[in-house]
Amino acid sequence: MSPQAAVKLAPPEPAKVLTVAVAGNPNSGKSTLINGLAGTRLQVGNWPGVTVEKKEAALEFQGRRVRLVDLPGTYSLSPYSQEEIIARDYLVQERPDVILNVVDATNLERNLYLTVQMLELGLPVVMALNIYDEARNKGWEINPALMEETLGIKVIPTVATRKEGLTALMEAVLEVGDNPGAHAPRPLNYGPDLEAAVGEVDREIRRHSPALVERYPARWLALKLLEADPLVVGETGLGIGSFISRATKHLKLAHGDDIESLLGDARYAQASGLTREVLKKKTTTKRELTEKIDRIVLHRFLGIPIFLAAMWLMFKLTFDIGNPFVDWVEGVFSGPLTHWTKALFTLIAAPAWLGSLATEGVIGGVGTVLTFVPLIFAMMFFITFLEGSGYMARAAFVMDRVMHAMGLHGKSFIPLLLGFGCNVPAIYATRTLENPKDKILTALLIPLMSCGAKLPVYALFTGLFFGAHAVLVIWSMYVLGIVLAMVMGIIFKRTLFRGENPLFIMELPPYRLPGLKSLLIHTWEKGKHFLIKAGTYILAVSVLMWFLLNLPWGVENKKDSVLGHIGQAVAPIFQPLGFNQWQAASSLLTGFIAKEIVVTTMGQIYGKEEEKQAEPPALGEEVMEIGLSFGKAVVDAGRNVVSTFGVATLSIEDDEKTSSWRGALQTQFSPLSALAFMAFTLLYMPCVVTAAAFKHEFGTWKWFGVATGYGLILAWLVALVIYQGGRLLGLGG
């Protein structure tokens, strides 16, 4: 064997994964662009040391693996909000291979202010000049080539919603990422006085603390020390002393003491000057569509009625579209699935208790909640549509005057609106508020919002007691939560959170028609938490409830079970509210875990009480019954889709077990007590996952304790007023 033949070539090293930080202003289309590039949903995790969601996506382009990191949307990299701190810390400490700066072409000057700050980091930057089609439709002419020449970075026009320009964008990202030295951005010049001070601080840092130059971008560090950035000063230990004082002495003599504002003006001048150079607008007197719509939507007197009408329409469409599918899902769970499970356990000769656990504890418990999945996803779809269309920002603006009465501003209304979907991300969304008192006060009010978990309770009771008025009643629950949030906000502001009312400055994005793919992706992201809960701790609680209903073992009357005794002990508290049954009390207790479990527990309790004690049929008869039941479910579902599409009420199935346990509810509740029960469910306390969010966001259980304490008191008082007030008015009992 020749020496050459004995030589084994080492396999080529795999190409390095390119890490790309996607950064930009809110509403610039970052998430849509990432989904368009990766063709997948964002993966959610947590940033190290904080509880804010971290979103990533991966893709392969021209044989290279690329990791996209979606930074929180922010207007600047100044350390004022948690989003700004997260975005800045990631760029400074992690040093991604490329910064993909997503810029809204219709708001060029404002977006370029953030771009200027990114260029200070000295990292390779590629700009996605997004929403380029809308800029063209306005008759604007933007010169990307001049932007590239001026800034020294690649500038690629894109339309993320239609995936236009994304291939060219990724080619630019790969080119810059593989050759960063050849694509360094041009240094910006902030004027002779500032540049002299920056140079002096940079030289002194290299002389006294050379290790810091390896840790931080040199020019960026000098700028941050000049403006006395508290985070950088704390991390480096370089306070306002010695060489920094010397560097700022001339600046303060010539321009005043506020160096931070001086630097802000310099950055803004760069953004403004570049915009004037590259953007040409056609002179027109025609009022744009957005302005025309805003004249009505933001009207001083019409704004709030329009918002309430939009909410009502959202609920109407939710139930019109979701109800036929609710009926079908319910038919499957209460019919074929239950019968097939019984047949299986009969076939394998399983113990009777195991079959009961499977059909009543698992299918009966979790299935009762899953029945309402179509409604949950329908509502998430319409909430996502309102967000993507630009209307949600208008709702916050409209509510600003009302929010000021409670010591907050319209920006606080955004987390409250997010609470309609789920309270947990709404708690985390309070990080957008700069004032710590505003964050806490807003978080305390979020549990008063009707989250998606409360919708099954509303749907169950309105379907049973309010018929054609179901949508109006559910709408009233949502409005009740908003009104009570305002009342409690005023009380808290005058007691625990005294202080001046903050100013409200918020961007109003142009109206857009959200793309269907984007709507579906974000609807799934919002709604999947409901399914995850159903498959995890709602399942666990359903099994636990089955055991509590069957212990002591063999108990005949469920009132004598462990859960029955607990419910009886608590029930007298609810007697003035019109629902003093142990079943209702037990259901509310389990709702501490999650509000969906209120319905799960009711299904198990009332279903078990009303279940017929007939002998199970022979296996052959069971299989025949399965086939007939499944066929009936499919036929009925098809008939419901055709005949009830557009009807906003829940129909009661003819299935024996379903109709019997709901019939039991109708005997123990009246419309008035049902309304009081729904109001109590709306208000009485946050769920355990929201409790964890309070702890993570604020570092203490204190504020969750406050939310729980005032929520229980408020729930009892409101339910009392509804029930006893209704009785006094002769509305029933």
Side-chain angles (χ1 to χ4, degrees), residues 27 31-32 35 41 161 293 297 303-327 329 371-399 413-426 429 446 449-459 462-463 469-482 509-531 595-596 641 644-650 682:
N27 301 308
S31 297
T32 303
N35 287 326
R41 290 179 295 275
T161 55
I293 296 175
V297 171
I304 292 179
I306 289 173
F307 168 65
L308 296 176
M311 286 182 57
W312 179 88
L313 180 61
M314 179 177 70
F315 301 134
K316 178 79 167 76
L317 292 173
T318 293
F319 279 82
D320 283 1
I321 294 173
N323 270 337
F325 299 100
V326 167
D327 295 337
V329 174
T371 296
F372 298 99
V373 164
L375 292 180
I376 298 294
F377 274 87
M379 179 165 289
M380 295 304 105
F381 178 86
F382 291 117
I383 288 177
T384 302
F385 179 86
L386 291 177
E387 291 174 347
S389 68
Y391 179 72
M392 281 300 195
R394 268 77 183 177
F397 187 86
V398 164
M399 296 298 293
F413 196 61
I414 297 297
L416 296 178
L417 285 174
L418 291 177
F420 287 160
C422 178
N423 286 176
V424 176
I446 286 172
M449 300 297 102
S450 288
C451 66
K454 298 168 186 175
L455 186 59
V457 180
Y458 301 161
T462 54
H469 302 292
V471 171
L472 182 61
V473 173
I474 292 179
W475 175 80
S476 71
M477 287 293 107
Y478 281 75
V479 173
L480 176 64
I482 294 174
Y511 290 103
R512 298 188 179 103
L513 186 64
L516 180 60
K517 181 179 178 181
S518 176
L519 280 175
L520 294 178
I521 288 175
H522 289 97
T523 297
W524 168 253
E525 292 297 327
K526 289 183 174 74
K528 72 177 181 180
H529 299 292
F530 186 81
L531 296 176
K595 297 303 179 286
E596 304 100 323
V641 170
T644 66
F645 194 87
V647 178
T649 58
L650 287 173
L682 160 67

Looking only at heavy atoms, the pair that brings A426 and I446 closest together is O-CD1, 3.3 Å
Is there a side-chain contact between I306 and R394 in this structure, where contact means two heavy atoms from C-beta onward sitting under 4.5 Å apart? no
For L513, which residues count as a side chain to side chain contact (heavy atoms under 4.5 Å, CB included) partner, sequence neighbours excluded? F385
Nearest 0.5 Å, what's the OG-CG distance between S450 and L480? 8.0 Å
Is any side-chain heavy atom of K595 closer than 4.5 Å to a side-chain heavy atom of L455? no
What distance do M314 atom CE and I474 atom CD1 have between them, rounded to the nearest 0.5 Å? 11.0 Å
V398 to V297 - nearest heavy-atom pair and separation: CG2-O, 3.6 Å
Can you tell if the side chain of F381 reaches within under 4.5 Å of the side chain of L317, non-hydrogen atoms only? no
Roughly how far apart are L417 CG and M449 CE, rounded to 0.5 Å? 8.5 Å
Would you sort out whether V479 and L308 count as a side chain to side chain contact (heavy atoms under 4.5 Å, CB included), showing the intermediate values? CA-CA 8 Å; V479 173; L308 296 176; 4.1 Å; yes
Would you mind reporting whether M379 and F420 have side-chain heavy atoms less than 4.5 Å apart? no
Checking T32 now: which residues fulfil side-chain hydrogen bond (donor to acceptor under 3.5 Å, both in side chains) with it, not counting sequence neighbours? none
Under the criterion side chain to side chain contact (heavy atoms under 4.5 Å, CB included), I'd like the reasoning laid out for L682 against Y458: C-alpha separation, chi angles, the key distance, then a yes or no. CA-CA 9 Å; L682 160 67; Y458 301 161; 3.3 Å; yes
If I take atom CD1 from residue I521 and atom CG from residue L516, how far apart are they, to the nearest 0.5 angstrom? 10.0 Å
Non-hydrogen atoms of C422 and C451 that approach each other most closely: CA-CB, 4.1 Å
Output for pair (K316 NZ, L472 CG), nearest 0.5 Å, gives 11.5 Å
Can you give me the closest heavy-atom contact between P514 and G388, atom names plus distance? CG-C, 3.6 Å
